[in-house]
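Structure first, then comments.
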Amino acid sequence: MNNVHIKKQIEEKFGIPYEEFCELDPEIITGLIETKIDKKLKLDYRQFIDGIPIDKAYTITKEEIDKSAYNGFQRVMRKIFKRI
């Protein structure tokens with residue numbers, strides 16, 4: 001998606017020129033977006049690594065890492081020895 005397309009979308013959705021939109025205060029932009037979607041925006045305080053949220057549901061233990069590395073090693077060895 002290129003910048004021209006994004007600029008046109010902003011102008012169509014909010015009814016103001018893109019340059020004017022960029023000069024607005026962040027609070028006003030937030031208000032415009034909330035009005036447009038009929039919801040309050042919420043901040044996401046989770047930490048992310050490469051776009052993946054890091055919390056208790058995504059925690060990987062050292063044992064899980066070791067196990068997956070060992071399984072990967074076994075797969076590689078099977079491929080090598082089946083070809084010989």
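Count residues from 1 along the sequence. Worth knowing before you read on, the calculation uses all heavy atoms, side chains too, and leaves out hydrogens, waters and symmetry mates.
Here the CG atom belonging to Asn3 is positioned 12.5 Å from the NZ atom belonging to Lys8, to the nearest 0.5 angstrom. Interatomic distance, Ile29 CD1 to Glu27 CD, rounded to the nearest 0.5 Å: 9.0 Å. In this structure, Glu20 CD and Glu11 CD are separated by 10.0 Å, a value rounded to the nearest 0.5 Å. Distance check: Ile28 CD1 to Asp25 CG gives 4.5 Å after rounding to the nearest 0.5 Å.
Residues Ile16 and Leu24 meet the side-chain proximity criterion, which asks for heavy atoms closer than 4.5 Å. Residues Phe14 and Ile33 form a side-chain contact, since some pair of their non-hydrogen atoms from C-beta on lies under 4.5 Å apart.
With hydrophobic clusters built from ILVMFWY side chains whose heavy atoms lie under 4.5 angstrom apart, Phe21 does not share a cluster with Val4.
By the salt bridge (charged side-chain N to carboxylate O under 4.0 Å, His left out) test, Glu34 is found to be paired with Lys40, residues two or more places apart in sequence or in another chain being considered.
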